[in-house]
Amino acid sequence: MPAYAVIGGQWGDEGKGKVIDYLAGNVDSVVRYAGGNNAGHTVVNEKGTFQLHLVPSGICWPDVYGIIGNGVVVDPDVLVNELAEIGARGIDTSKLVISERAHVIMPYHVVLDALEEEARGDAAIGTTGRGIGPAYMDKTGRMGIRIGDLLDWEALVPMVTQVLEHKNALITKVYGGKALALDDVLAKCRIWADHMAPYAMATEQLVQDLLSQNKRVLLEGAQGTLLDIDHGSYPYVTSSSPSIGGACTGLGLNPQAIKGVLGVFKAYSTRVGSGPMPSEITDDEAEEIREKAQEFGVTTGRARRIGWFDGVAAKYSQLINGFTGIVLTRLDILDEFDSVKVCVGYEVSGERLDRFPANTGLLARCKPVFEEMPGWDKPTASATELSQLPENALAYVHKIEELVGCRAQIISTGPSRAETIQVEPVFT
Ligand code: IMP
């Protein structure tokens with residue numbers, strides 16, 4: 001059976017956790033391929049509310065493998081705590097595995113994340129402070145420590161010794177910070193080795209075996225396409241590849257194995273951290289959406305920036321990912337608005353621009369061209385059938401489909417698993 005991907009179509013926080021939990025009842029494995037504990041996926045079902053950062057969002061289904069692929073960066077402390085927390089709430093975590101090729105977020109990565117942000121001053125990215133960027137820098141700089149390395153003590157000690165020397169020079173001489181003690185870092189590695197050993201394996205082989213046994217694999221995106229290191233609003237991006245290409249490199253999966261690519265879009269836009277966001281609004285309507293939707297980061301608690309749905313960015317996202325279907329989330333948040341807006345184009349110095357520009361300065365100068373649509377008189381909250389949607393809400397859904405160029409297969413009308421409209425089958 002093939003693999004299906006669930007990808008953030010915007011700046012992350014589109015509600016992928018809920019979508020994965022909803023779909024995971026019909027798959028055999030859920031696989032994270034990128035990012036780390038900068039992600040915050042909220043899952044609400046009959047077992048409770050779970051805020052997951054590293055553990056794949058299918059974990060509440062006992063027969064489903066949870067796989068953390070090689071493209072993920074892993075902070076073992078966070079993972080161990082998360083597993084303990086959900087385990088204590090009765091969730092079976094015995095089907096979790098981690099790629100031995102996944103890179104470890106080391107203590108100096110977290111320290112450097114903070115120091116680098118401070119040094120950027122006004123140009124700070126607004127990172128989550130979890131050491132994500134520095135860990136990916138070491139991966140491409142070929143000085144990373146991988147989960148598999150933790151399990152080879154003889155080889156690990158000289159590696160960590162050498163890398164820490166370099167990192168301490170950076171921390172103290174460039175940033176004026178405090179050096180980390182080698183003994184402390186090695187002691188952490190000792191503990192992590194014990195904790196990670198039962199989970200570490202060749203996940204690329206496991207994924208391949210599952211596919212060849214006709215098992216269904218669900219690829220869980222973290223963050224969103226507009227935060228992609230290559231395709232996002234650089235440099236205000238994360239350091240991994242949340243878009244579809246990242247699923248191949250982040251798992252060792254060939255592209256032919258992927259049959260469906262679901263793009264998850266919120267019915268409006270949000271963004272955490274710095275960087276341009278052309279359809280951003282800062283008026284009372286933004287506040288109303290933020291409060292009603294509780295748009296505060298799961299990982300950092302920061303207030304999310306709010307904007308109307310950005311059709312230009314969404315179309316670009318479709319171009320990068322080749323979505324075969326859309327999941328539209330949080331439609332219910334727009335209930336009660338007299339009218340809603342969608343951004344259908346940009347304007348720069350009086351000229352119309354209908355594409356998402358690569359140049360960050362240009363993107364920052366883009367003014368949104370909004371189209372206003374009438375609100376709907378009946379709530380969509382908790383609807384489970386398309387026929388329950390008021391006419392104007394349906395027109396809004398169709399407008400988004402037209403802007404993205406792809407049909408909505410699922411519409412989410414509330415946080416829990418049950419509050420979902422399955423418009424058409426995802427798995428074909
Ligand atoms: P980093 O991934 O912590 O390096 O942060 C880089 C940028 O990505 C910052 O603007 C973060 O706010 C943003 N970011 C990282 N992870 C998420 C996420 O899961 N949701 C939304 N924004 C994120």
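One-based numbering, in listed order, for ligands and for the atoms of each.
Among residues at least two apart or in separate chains, there is no ring-ring contact (aromatic ring centres under 6.0 Å, His included) pair with a member in residues 74-121.
Look at E371 and K399 and you find a salt bridge, because one of the NZ, NE, NH1 or NH2 atoms lies within 4.0 Å of a carboxylate O, short of that distance. With salt bridges taken as basic N to acidic carboxylate O contacts below 4.0 Å, one links D21 and R417. Here R305 pairs with E280 in a salt bridge; the nearest charged N to carboxylate O distance falls below 4.0 Å.
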Does ligand 1 have any N/O atom under 3.5 Å from a protein N/O, and what are those pairs and their distances?
| unit_1 | atom_1 | unit_2 | atom_2 | d |
| --- | --- | --- | --- | --- |
| ligand 1 | 2 (O) | N38 | ND2 | 2.9 |
| ligand 1 | 2 (O) | T238 | OG1 | 2.6 |
| ligand 1 | 3 (O) | T128 | N | 2.8 |
| ligand 1 | 3 (O) | T128 | OG1 | 2.6 |
| ligand 1 | 10 (O) | V272 | O | 3.1 |
| ligand 1 | 12 (O) | G126 | O | 3.3 |
| ligand 1 | 12 (O) | V272 | O | 3.1 |
| ligand 1 | 12 (O) | R302 | NH2 | 3.0 |
| ligand 1 | 16 (N) | Q223 | NE2 | 3.2 |
| ligand 1 | 19 (O) | N38 | O | 3.3 |
| ligand 1 | 19 (O) | Q223 | NE2 | 3.3 |
| ligand 1 | 20 (N) | D13 | OD1 | 3.1 |
| ligand 1 | 20 (N) | D13 | OD2 | 3.3 |

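Because its NZ or CZ atom is not both nearer than 6.0 Å to the ring centre of Y346 and within 45° of the ring axis, R352 does not count as a cation-pi partner of that residue. A cation-pi contact, defined as under 6.0 Å to the ring centre and within 45° of the axis, is absent between R302 and F296.
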